[in-house]
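So that the names make sense, note that chain A is the first sequence line, chain B the second, and so on, each numbered from 1. Below, all heavy atoms of this structure are taken into account, side chains as well, without hydrogens, waters or symmetry copies.
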Amino acid sequence: MTAMALSIRDLFLSFGGVSALSGVSFDVRPGEIFAIIGPNGAGKSSMLNCISGLYRPQRGTIAFGETPVTGLPPHRRARLGIARSFQNIALFKEMSVVDNILVGRHLHARTRLLSAGFSLPSARISEKAQRAKVDEVVAFLGLGAVRDEPVGTLAYGVQKRVELARALASEPKLLLLDEPMAGMNSGERDDMVRAILETNAAHGVTIVMIEHDMGIVMDISDTVCVLDFGRRIALGSPSEVRDDPHVIKAYLGEEDD
Amino acid sequence: MRRVASGVTLAALVLLPFFGSNYALDVANRCGIAVIGVLGLNILTGFTGLISLGNAAFMAIGGFSAAFLITKAGVNGFAAIPAAGAIAALLGMIVGVPSLRLKGLYLAMATLAAHFIVEFTVVKWESVTGGVSGMSVPAPALFGVVLDNDRKLFGLVLLLALAALLFARNLFRARPGRALIAVRDHETAAAVMGIDVFRAKISAFGLSAFFVGVAGALAAIQSRIISPESYPLSLAIDALSMVIIGGMGSVAGSVLGAVGLTLLPEGLRAATNALSGQWPDLISKLSILKELVFSILIIVFLIFEPHGLAALWRRAVRKRHATTQQQPEGGGK
Ligand SMILES: Nc1ncnc2c1ncn2[C@@H]1O[C@H](COP(=O)(O)OP(=O)(O)OP(=O)(O)O)[C@@H](O)[C@H]1O
Ligand SMILES: [Mg+2]
């Protein structure tokens with residue numbers, strides 16, 4: 001058996017009295033698109049935050065490939081190849097689009113304070129290489145027209161794309177996306193779906209995605225995990241999950257979004 | 001156009017020791033030293049988003065380290081300047097440790113505590129600092145060149161200020177500088193992009209303190225005598241004012257703020273002298289007047305232009321650029 005891309009075992013997380021995750025387990029296979037769905041407050045974002053290291057679960061383990069990562073801080077997990085976008089836009093607001101995406105290259109350069117300050121040849125060469133890579137990502141996501149704009153001035157949908165670009169620039173093995181299409185119009189959604197599919201297909205990036213748009217989830221996911229009140233109530237292929245009575249019950253009366 | 005302007009400015013600065021008055025060179029040295037120190041504070045507060053009231057303390061560390069190294073350890077004055085910066089950097093990194101947990105006002109209080117600890121240490125550690133009576137600082141000398149007045153010192157100050165500016169400019173166009181800005185703008189996002197936030201903050205404290213320590217050492221060398229009173233808390237406040245008014249997170253803003261607010265009191269002094277015929281007691285109120293003007297400027301900038309003089313400057317340049325481009329072809333070249 002080949003190793004799983006990600007193994008979540010018996011995760012418990014609570015805030016004061018509120019339990020966000022209670023005993024959730026699942027495996028993500030290498031190269032698949034894995035969707036996490038569920039009603040508001042189900043614990044989906046909490047799950048991504050545990051995987052990227054922003055939240056520490058009180059119990060349970062997380063393994064990335066063969067590596068246990070449960071105790072690692074976020075920047076160490078990023079080094080292993082985990083990147084993410086956020087539900088609420090989390091860009092570096094005073095920076096331009098290009099500079100935001102350049103931060104995504106942080107892991108791939110080694111330029112230190114002194115070599116940067118003295119602009120040593122090694123620093124210049126590295127900077128040039130990072131910029132070339134960023135240009136590729138900019139072209140891939142069609143951000144050329146806004147590349148030098150400060151991100152704060154851009155439309156919401158464009159900012160979401162910049163966040164994806166920043167994550168992609170780090171060339172992750174595992175990409176975590178928290179509602180990447182929220183607040184987008186249908187054209188922007190189509191572009192985003194295409195970008196996700198191509199990232200997955202061309203680069204073999206494993207994707208764990210939270211999304212409320214059921215049409216898209218059913219269309220593009222290999223596996224769907226349904227959370228409700230911090231519990232995993234279903235796990236399987238899109239068609240299995242769609243017909244699951246627990247899922248139908250959890251979503252009853254919540255079809256409006 | 002910009003090249004020409006900076007070339008002319010640089011030429012004027014290089015020629016200053018040949019035609020400037022003693023007073024002009026004193027002011028010019030203080031401007032240069034302020035540029036280095038304000039740039040240091042801006043790296044920490046403007047670029048990395050870590051507020052600090054410890055700036056005077058790091059100047060003191062730089063000043064007393066240089067004085068000690070030259071007079072008691074027999075270190076050459078030129079070598080003592082970077083060494084003083086290094087000592088300040090080391091202590092800066094230690095002071096920075098609480099910044100992992102403390103933000104905003106709490107960090108301001110922690111750095112304020114650092115100020116008082118340094119002040120206390122300087123007063124009590126007589127064998128090293130000379131205690132309340134302070135120390136005299138001999139002029140740096142190398143191969144018969146003795147920098148014993150403002151005219152001779154200016155070349156060194158100018159060189160170090162330019163080096164500091166270039167270093168900062170390069171830094172913030174490259175990976176480690178971007179990491180600092182990223183930490184300021186969104187700490188969580190910076191961490192998940194692989195930036196070690198703690199390490200970034202500590203290096204910001206270290207680098208900042210190095211610049212400020214060098215500024216402190218130069219100030220000590222310029223004034224030739226230092227005591228605990230040479231580095232009051234108001235010096236830290238002045239430096240923060242220069243950062244805010246010049247432009248947080250801007251290298252050019254550091255220059256504008258440092259030079260502008262160093263010249264301002266000189267302008268005020270000239271004005272009060274001129275008016276002393278009518279209002280003789282105006283001169284005695286000069287320091288209050290200065291504080292008043294600084295305070296008003298800070299409030300005005302915080303409300304109307306939080307990005308400081310640097311933003312005004314950028315806008316003015318862009319406007320000029322736009323109007324010159326509108327001129328018919330063949331003109332304006
Ligand atoms: N930092 C936090 N502090 C306190 N409570 C939190 C925190 N983060 C999440 N929670 C709580 O944990 C529960 C799960 O929240 P989470 O954000 O994971 O839900 P979600 O499934 O992502 O919901 P949504 O679809 O609205 O984004 C909620 O009750 C929420 O209030
Ligand atoms: Mg959520």
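Proximity of a side-chain donor or acceptor of Arg178(B) to a complementary backbone N or O of Val103(A) within less than 3.5 Å is not detected. Using modelled atom types, no side-chain atom of Arg175(B) and backbone atom of Arg112(A) make a donor-acceptor pair closer than 3.5 Å.
Only the backbone of Ala167(A) comes within contact range of chain B, judged by heavy atoms closer than 4.5 Å. Neither the backbone nor the side chain of Leu176(A) comes within contact range of chain B; no heavy atoms are under 4.5 Å apart. For a residue to count as touching a neighbouring chain, one of its non-hydrogen atoms must lie under 4.5 Å from one of that chain's; by this rule Glu127(A) touches chain B with the side chain only. Heavy-atom distances place the side chain of Leu54(A), and not its backbone, under 4.5 Å from chain B. With a 4.5 Å cut-off on non-hydrogen atoms, Ala90(A) touches chain B through its backbone and its side chain both. With a 4.5 angstrom heavy-atom cutoff, Thr111(A) touches chain B via backbone and side-chain atoms both.
Summarising the geometry of His106(A) relative to Gly194(B), their closest heavy-atom pair is CD2-O, 3.7 Å, with the distance given to 0.1 Å.
The CD atom of Glu94(A) sits 9.5 Å away from atom CD1 of Ile181(B), with the distance rounded to the nearest 0.5 Å. The structure places CE of Met193(B) at 11.0 Å from CG of Leu102(A), a figure rounded to the nearest 0.5 Å.
Contact annotation for residues 70-88 of chain A against chain B (heavy-atom separation below 4.5 Å, listed by residue number): Pro74(A), His75(A), Ala78(A), Arg79(A), Ile82(A), Arg84(A), Phe86(A). Of residues 89-96 of chain B, not one residue has a non-hydrogen atom less than 4.5 Å from any non-hydrogen atom of chain A. For residues 160-172 of chain B, heavy-atom neighbours of chain A at less than 4.5 Å comprise Leu166(B), Phe167(B), Asn170(B), Leu171(B), sorted by residue number.
Few gaps surround OH on Tyr156(A); more than 12 heavy atoms of other groups in view lie less than 6.0 Å from it. No more than 12 heavy atoms of other residues, nucleotides or ligands shown are found within 6.0 angstrom of CZ on Arg29(A).
The salt bridge (Lys or Arg N to Asp or Glu O under 4.0 Å) pairs that include a residue from residues 192-207 of chain B are Glu187(B)-Lys201(B), where partners are two or more places apart or lie in different chains.
Of the residues considered (Val183(B), Thr188(B), Val197(B)), Thr188(B) shows the highest number of contacts with chain A, using heavy-atom pairs under 4.5 Å.
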